[in-house]
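Notes follow once the structure below has been shown.
Atoms considered below: every heavy atom in the structure, side chains included; atoms not considered: hydrogens, waters and symmetry mates. Chain identifiers are assigned alphabetically (A, B, ...) following the order of the sequence lines, protein sequences preceding nucleic acid strands; residue numbering begins at 1 within each chain.
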Amino acid sequence: MTNAVSMLRRFTAARVALGRAGNGLPTQAHLAFQAAHAAARDAVHAPLDTAALQAAFSAIGIDSVVTHSLAPDRRTYLLRPDLGRRLRDSDRDALPSGLGEVVFVVCDGLSAVAVQRHAAPLIAAMARSAAPVVIAEQGRVALGDDIGAAMGAAAVAVLIGERPGLTAADSMGVYLTWHPAIGRTDAERNCISNIRPEGLPIAAAAAKLTWLITAMQHMRLTGVALKDEQDSTPAQSALLN
Amino acid sequence: MAFRHTLSGTAYVFDDIATLLARATPFRSGDALAGLAAGSAAERVAAQMALADLPLTTILDNPVIPYETDEVTRLIQDSHDQAAFAPIASLTVGALREFLLMADSAALTALRPGLTPEIVAAVSKIMRLQDLIAVAAKCRVVTRFRNTIGLPGRLSVRLQPNHPTDDPLGVAASTLDGLLLGAGDAVIGVNPATDNVDATCTLLTMLDAVRERYAIPTQTCVLAHVTTTLRAIERGAPVDLVFQSIAGTQAANDSFGVSLALLREARDAALSLRRGTIGDNAMYFETGQGSALSANAHHGVDQQTVEARAYAVARAFAPLLVNTVVGFIGPEYLYDGKQIARAGLEDHFCGKLLGLPMGVDVCYTNHAEADQDDMDSLLTLLGAAGVTYIMGVPGADDIMLSYQSTSFHDALYLRDLMRLRPAPEFEAWLNRMGIDSAAGQFPPTLSPALIGLG
């Protein structure tokens with residue numbers, strides 16, 4: 001038994017037992033926080049390297065096409081969620097249609113780093129579709145509705161960079177939507193979050209997504225009616241949704 | 001009813017009170033996103049001038065959302081106290097600003113039932129930060145459950161020991177860290193990662209055991225949805241405070257899955273447990289600018305006015321605690337540190353003026369243009385404004401909700417700087433327990449082994 005405050009660290013990854021300098025943090029703890037915030041900030045603002053991503057797909061034998069939302073840059077993207085949900089008209093016209101049941105869309109979201117690292121490995125672990133993967137810059141989740149509808153997809157799986165926290169700046173989410181169409185709500189989607197090696201590893205995420213796709217095709221829907229029986233319901237944030 | 005003002009030879013017209021309020025609002029991204037913001041700096045000042053000339057009775061007589069279709073409007077109109085309103089009944093918004101700056105604490109207390117959210121939001125729009133701070137600092141709001149919150153010269157802290165998987169040991173470890181640093185007198189309150197009855201009951205039982213084991217004069221809360229908490233009460237779980245996120249329109253509350261009737265039912269259930277030892281303020285509410293727009297339920301009303309309307313909902317249920325989660329919602333509503341700071345001080349001012357025990361979650365997300373310096377600024381300004389409580393999160397880093405709030409250290413800084421003390425019962429407990437946060441050891445009275453951490 002110990003009464004040393006440092007024992008708290010065994011029970012949580014929270015920043016406990018930091019010590020004090022007066023009322024402030026010791027310098028090392030203060031700068032460690034600044035470093036974590038810097039990584040998160042850089043992840044939010046890092047551009048998606050679409051050429052590298054296309055090469056990664058190419059290396060596993062998957063075609064891809066690069067598109068862009070109506071948000072021209074990151075600042076507009078952050079200020080105008082509506083623009084991040086709509087595709088540029090010229091990009092929409094260039095998309096192939098009528099290929100494949102499930103279309104995969106890869107969006108930078110709030111962390112290009114996340115999809116840069118995890119999107120190709122996840123798709124590589126999934127059953128192959130004939131449709132090309134659609135890469136989208138400055139995209140939000142609902143951009144998949146625009147893309148999926150344009151391609152006549154039965155369903156769309158949007159792989160997207162999640163908002164970086166201080167713990168991880170490379171967390172990826174997947175949103176699955178049956179019969180994508182503009183105006184679908186989040187209640188009509190199923191979500192897998194926290195995909196990263198230290199969170200939900202790629203193999204487990206692929207198994208979960210495969211399960212969801214199979215269940216979706218059986219029930220012909222996604223959303224709250226399609227319960228993820230491998231997991232409990234994610235909490236609505238107790239703060240503001 | 002249209003309003004006009006001519007400034008430097010340009011005539012500006014505002015179609016109705018909601019438009020006038022929106023155009024007069026200091027710039028924030030959420031109002032621009034909604035298409036409600038003034039088109040120029042000059043138009044904004046023209047709107048502020050027109051607003052300053054507006055009689056308060058005109059605001060009372062013209063609800064921004066119709067009485068017939070919105071139960072929050074009905075609550076505001078039906079509970080308005082004409083007698084309390086009498087001292088300001090002949091004033092304009094501009095004259096109210098001067099009245100508030102000159103009034104003493106007793107006058108502000110007497111005025112509360114005569115004020116409506118739209119009136120306090122209107123006057124806040126023509127106030128600088130200095131005004132918002134000076135008036136809020138004169139407001140006295142005291143609430144009680146197991147201790148006394150909001151006395152002059154006191155600053156309380158919500159201990160927020162969140163854990164990404166609701167692991168009880170992890171939550172307990174963060175709780176002990178906070179207690180050692182003097183936090184927890186407002187509430188020990190956990191946001192559950194999973195909103196279900198089982199997880200909520202597990203956390204409630206654990207928190208209650210910790211409180212009992214150390215005999216802490218405070219209250220605990222699991223910030224689950226109100227319907228989850230009601231089911232936990234049915235199961236006999238030890239519920240001190242009932243929590244809920246609320247907003248300022250009926251439609252936005254619908255999107256949160258709540259109504260005034262449900263909140264009434266929840267308060268009745270909490271009071272039936274009779275767990276408060278020195279008072280029966282049993283509710284805890286969170287709010288935040290932008291939530292109504294986010295739910296597409298703002299009815300063309302600017303986000304700060306809608307936020308103030310949420311305080312009318314809160315005050316109907318005599319809460320122990322209310323806080324705005326000011327920087328959580330993201331940059332499309334509050335873009336940067338400047339917008340977050342102004343919003344935090346507006347919310348605190350409006351809540352206090354309406355009689356709420358107002359705390360602020362001084363916080364930001366990583367896609368907002370804000371950092372720790374912005375938080376230090378707002379924290380210090382709120383200390384000067386007499387904020388009732390702030391959050392205490394280990395190292396300011398909430399590892400479950402992935403945002404940055406204030407830390408236990410931040411609370412120590414503010415108490416020391418402003419010569420503020422914890423709630424009296426909690427302060428006596430800290431002394432009795434021999435808690436010395438400068439030491440690297442727990443005192444034997446606060447030994448982790450006593451709650452199964454060893």
Side-chain angles (χ1 to χ4, degrees), chain A residues 1-25 29-30 32-34 36-37 39-41 43-45 74-75 77-82 110-111 162-169 171 194 199 231-241, chain B residues 29 32-33 161 163-164 167 169-170 172-174 176-177 180 191-196 223-225 243 245 255-256 286 288 290-291 294-295 325 328-329 331-332 335 365-367 371-372 394-397 399 401-404 409 412-413 416 437-438 440-444 447-449 453-454:
Chain A
M1 187 175 93
T2 171
N3 274 354
V5 178
S6 58
M7 63 85 72
L8 296 177
R9 294 196 198 110
R10 300 212 310 268
F11 301 99
T12 179
R15 291 171 197 257
V16 295
L18 296 179
R20 283 172 62 180
N23 293 319
L25 290 173
H30 157 58
F33 181 102
Q34 297 297 92
H37 184 235
R41 295 287 294 153
V44 167
H45 291 277
R74 188 90 310 208
R75 183 184 158 85
Y77 174 85
L78 291 172
L79 285 168
R80 292 288 305 273
D82 51 327
L110 285 170
S111 172
E162 296 180 333
R163 191 183 79 205
L166 296 196
T167 308
S171 189
N194 197 28
D231 206 346
S232 45
T233 313
Q236 296 289 312
S237 164
L239 298 164
L240 299 165
N241 297 310
Chain B
S29 51
L33 180 65
H163 188 277
D167 175 36
L169 293 179
S174 289
L176 270 188
D177 198 52
L180 187 66
N191 299 93
T194 303
D195 197 321
N196 68 42
L223 285 72
H225 191 268
F243 169 83
S245 290
S255 80
F256 286 169
E286 281 189 344
S291 61
S294 167
V325 194
F328 187 76
I329 192 157
E332 64 269 42
Y335 185 67
T365 58
N366 289 321
H367 62 321
D371 60 19
Q372 292 299 95
D397 172 11
I399 59 171
L401 293 170
S402 288
Y403 79 122
Q404 288 84 252
H409 296 71
L412 292 175
Y413 148 81
D416 195 21
S437 53
Q441 299 274 323
F442 288 104
S447 171
L453 289 180

How about [X] and [Y]: do any of their side-chain heavy atoms sit closer than 4.5 Å?
{"X": "F11(A)", "Y": "D177(B)", "value": "no"}
{"X": "I399(B)", "Y": "T12(A)", "value": "yes"}
{"X": "H367(B)", "Y": "Y77(A)", "value": "no"}
{"X": "Q372(B)", "Y": "H37(A)", "value": "no"}
{"X": "D371(B)", "Y": "R41(A)", "value": "no"}

Nearest heavy-atom neighbours spanning [X] and [Y]:
{"X": "L79(A)", "Y": "S29(B)", "result": "CD2-CB, 3.5 Å"}
{"X": "V16(A)", "Y": "S174(B)", "result": "CG1-OG, 3.8 Å"}
{"X": "P444(B)", "Y": "N3(A)", "result": "CA-ND2, 4.0 Å"}
{"X": "H409(B)", "Y": "G24(A)", "result": "CD2-O, 3.6 Å"}

Greatest number of heavy atom pairs closer than 4.5 Å to chain A - which of A295(B), S402(B), A173(B): A173(B)
Chain A contacts, top residue of L169(B), D397(B), D416(B) (heavy-atom pairs, under 4.5 Å): D397(B)
Under 4.5 Å heavy-atom distance to chain B, tell me which part of [X] shows up: side chain, backbone, both or neither.
{"X": "D82(A)", "answer": "side chain"}
{"X": "Q34(A)", "answer": "side chain"}
{"X": "H45(A)", "answer": "side chain"}

Relative to chain A, which segment of [X] carries a heavy atom at a distance below 4.5 Å: side chain, backbone, both, or neither?
{"X": "N366(B)", "answer": "both"}
{"X": "L180(B)", "answer": "side chain"}
{"X": "Y335(B)", "answer": "side chain"}
{"X": "P164(B)", "answer": "neither"}

Non-neighbouring partners of E332(B) that pass side chain to side chain donor-acceptor pair (under 3.5 Å), sequence neighbours left out: none
Side chain to side chain contact (heavy atoms under 4.5 Å, CB included) involving A172(B) - partner list, sequence neighbours excluded: M206(B), I451(B), L453(B)
Greatest number of heavy atom pairs closer than 4.5 Å to chain B - which of L166(A), L78(A), L18(A): L166(A)
Most contacts with chain B, counted as non-hydrogen pairs under 4.5 angstrom, among A169(A), S6(A), A14(A), A40(A): A14(A)
